[in-house]
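In what follows, chains carry the letters A, B, and so on, assigned in the order in which the sequence lines appear, proteins first and then strands, with residues in each chain numbered from 1.
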2 protein chains.
Amino acid sequence: MKPEHIRVPALPPLPDQDHSDCRAVASVLARVGDKWSVFVIMMLTDGPKRFNELKRMINGISQRMLTLTLRGLERDGLVTRTVFPTIPPRVDYELTDLGRGLAAPVKALGEWAFAHLPEIEGARSNFDSRNSD
Amino acid sequence: MKPEHIRVPALPPLPDQDHSDCRAVASVLARVGDKWSVFVIMMLTDGPKRFNELKRMINGISQRMLTLTLRGLERDGLVTRTVFPTIPPRVDYELTDLGRGLAAPVKALGEWAFAHLPEIEGARSNFDSRNSD
DNA sequence: CAGTATCCGCGAGGATACTG
DNA sequence: CAGTATCCTCGCGGATACTG
């Protein structure tokens, strides 16, 4: 039996859906929309990185979560893991072609988000003040 | 004090991050990447829908989660909620311009996902069989 | 350095019952 | 019809300690 903390993050069970393309969307968003994957992907867009290098770049991530996130991305074929059998050990993580392909639409979404952040935050505080009674 | 189940889904606390645009990405992905938002947005791309209409279209969603999801989208200015004071009551939900704007990059991501689903699923089963010892 | 191994709290989200 | 009100479960994710 595989211990809990190394088991790759199972994608949440998706609802039975008529439109199977929506399931595909949700399946990818479930991976990419988790707490850390986007950060890792973005950090890897400019070349391969080592484990602790990523850990330092992504402020606040725990070892456990970085391992889990990387395993999940590796499982989906978005990231490769290469071990150099040196002492001390060295492990490089790098985006695959598939991963780089994914990074593009994710980046598009990110640019949309960045461009419309003022509107969204405005709507939020507006909504919150309207409902603060 | 506002009861728990109606309080709009608070976006998860994002890590302190150097690159503030990454926070923006993550902030939107946290909204759009939750379990149901994408389904709701997609269902609303072809015109306004009523509450139970959405509930029927989105197989498996609970009343509670539909309410919460819609409130979250409304809070972010992505969806409007219009109440018709009839008996029985009727409530329409519709994408705002902002929401339609978001739907575009989301759809792009979805199309990428759909196009590369075979590769991803292949990578998954490959990974799983390699690690099934 | 790059992980494993455990323990644990908290909150997302489901099930169910009730209401204007 | 369109929600509220509660209760409860499950698993994400943090903290900490240990290892090849």
Side-chain angles (χ1 to χ4, degrees), chain A residues 1-16 26 29-31 33-40 48-72 74 79-93 131, chain B residues 1-16 26 30-40 48-72 74 79-93 131:
Chain A
M1 190 58 184
K2 208 172 278 199
E4 177 267 344
H5 78 282
I6 183 65
R7 197 170 56 221
V8 95
L11 294 178
L14 293 174
D16 290 340
L29 282 173
R31 156 72 49 243
D34 72 16
K35 195 170 178 181
W36 298 109
S37 292
V38 169
F39 290 97
V40 173
K49 299 272 174 295
R50 301 179 58 170
F51 186 87
N52 278 344
E53 204 173 352
L54 285 170
K55 182 155 164 36
R56 273 188 300 273
M57 298 177 77
I58 304 176
N59 208 318
I61 196 172
S62 63
Q63 283 181 8
R64 185 180 123 85
M65 276 303 109
L66 183 53
T67 305
L68 250 44
T69 303
L70 286 168
R71 287 288 187 283
E74 189 193 357
V79 159
T80 57
R81 176 174 184 271
T82 40
V83 183
F84 300 85
T86 59
I87 295 180
R90 171 200 178 116
V91 180
D92 275 18
Y93 292 93
N131 298 32
Chain B
M1 190 57 184
K2 207 173 278 196
E4 176 269 344
H5 78 282
I6 184 63
R7 196 170 57 220
V8 96
L11 294 178
L14 294 173
D16 290 339
R31 156 72 49 242
V32 124
D34 73 17
K35 196 171 181 183
W36 298 110
S37 292
V38 169
F39 288 97
V40 173
K49 300 270 174 299
R50 302 178 58 171
F51 186 87
N52 277 343
E53 204 173 349
L54 285 169
K55 183 156 163 34
R56 272 188 301 273
M57 297 176 79
I58 304 175
N59 209 317
I61 195 171
S62 63
Q63 284 181 3
R64 185 179 123 84
M65 276 304 107
L66 183 53
T67 306
L68 250 42
T69 304
L70 287 167
R71 287 287 187 286
E74 189 193 357
V79 159
T80 57
R81 176 174 183 271
T82 42
V83 183
F84 300 85
T86 60
I87 296 180
R90 172 201 176 112
V91 180
D92 274 19
Y93 292 92
N131 298 32

Can you tell me which nucleotide in [options] comes closest to the side chain of [X]?
X       : options               : result
B/Arg90 : D/dT6, C/dT6, D/dA2   : D/dA2
B/Val91 : D/dG13, C/dA2, D/dA2  : D/dA2
A/Trp36 : D/dG14, C/dC1, C/dG13 : D/dG14
A/Arg71 : D/dT4, C/dC1, C/dG3   : C/dG3
A/Gln63 : C/dG14, D/dA17, D/dT4 : D/dA17
A/Arg64 : D/dA15, D/dG20, D/dA2 : D/dA15
B/Met65 : D/dG14, C/dA2, C/dG14 : C/dG14
B/Arg50 : D/dT4, D/dA2, C/dG14  : D/dA2
A/Phe51 : C/dA2, C/dT4, C/dA15  : C/dA2
A/Arg81 : C/dA2, C/dA15, D/dG3  : C/dA2

Residue pair [X] / [Y]: nearest heavy atoms and the distance that separates them:
X       : Y       : result
A/Gly72 : A/Arg31 : O-NE, 3.6 Å
B/Arg81 : B/Val83 : NH1-CG2, 3.7 Å
B/Asp92 : B/Pro48 : OD2-CB, 4.4 Å
B/Phe51 : B/Leu66 : O-CD2, 3.5 Å

Between B/Met57 and B/Lys49, does a side chain to side chain contact (heavy atoms under 4.5 Å, CB included) hold up when you go through it step by step? CA-CA 10 Å; B/Met57 297 176 79; B/Lys49 300 270 174 299; 3.7 Å; yes

OP1 or OP2 of D/dC1 under 4.0 Å from side-chain N/O of B/Tyr93: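 Negative; the distance criterion is not met.
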
Taking only side-chain nitrogens and oxygens of B/Lys55, does any of them come within less than 4.0 Å of OP1 or OP2 of D/dC1? no

Specify the separation, in whole Å, of atom [atom1] of [X] and atom [atom2] of [N].
X       : N      : atom1 : atom2 : answer
B/Ile58 : D/dA2  : CD1   : P     : 14 Å
A/Leu70 : C/dG3  : CG    : P     : 8 Å
B/Leu66 : C/dA12 : CG    : P     : 17 Å
A/Ile87 : D/dG20 : CD1   : P     : 13 Å
A/Glu74 : C/dA2  : CD    : P     : 15 Å
A/Leu68 : C/dA5  : CG    : P     : 13 Å
B/Lys35 : C/dA12 : NZ    : P     : 13 Å
B/Leu54 : D/dC1  : CG    : C1'   : 13 Å

How far does CG of B/Leu68 sit from CD of B/Gln63, to the nearest 0.5 angstrom?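 It comes to 12.5 Å.
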
Gap between atom OG1 of B/Thr80 and atom CG of B/Leu70 - 0.5 Å precision: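 One finds 10.5 Å between CG of B/Leu70 and OG1 of B/Thr80.
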
Checking side chain to side chain contact (heavy atoms under 4.5 Å, CB included) for the pair B/Trp36/B/Ile58: CA distance, chi angles, key distance, verdict? CA-CA 9 Å; B/Trp36 298 110; B/Ile58 304 175; 3.7 Å; yes

Between the two end axes of the helix from C/dC1-D/dG20 to C/dG20-D/dC1, each built from 5 base pairs, what angle do you get to the nearest 10°? 60°

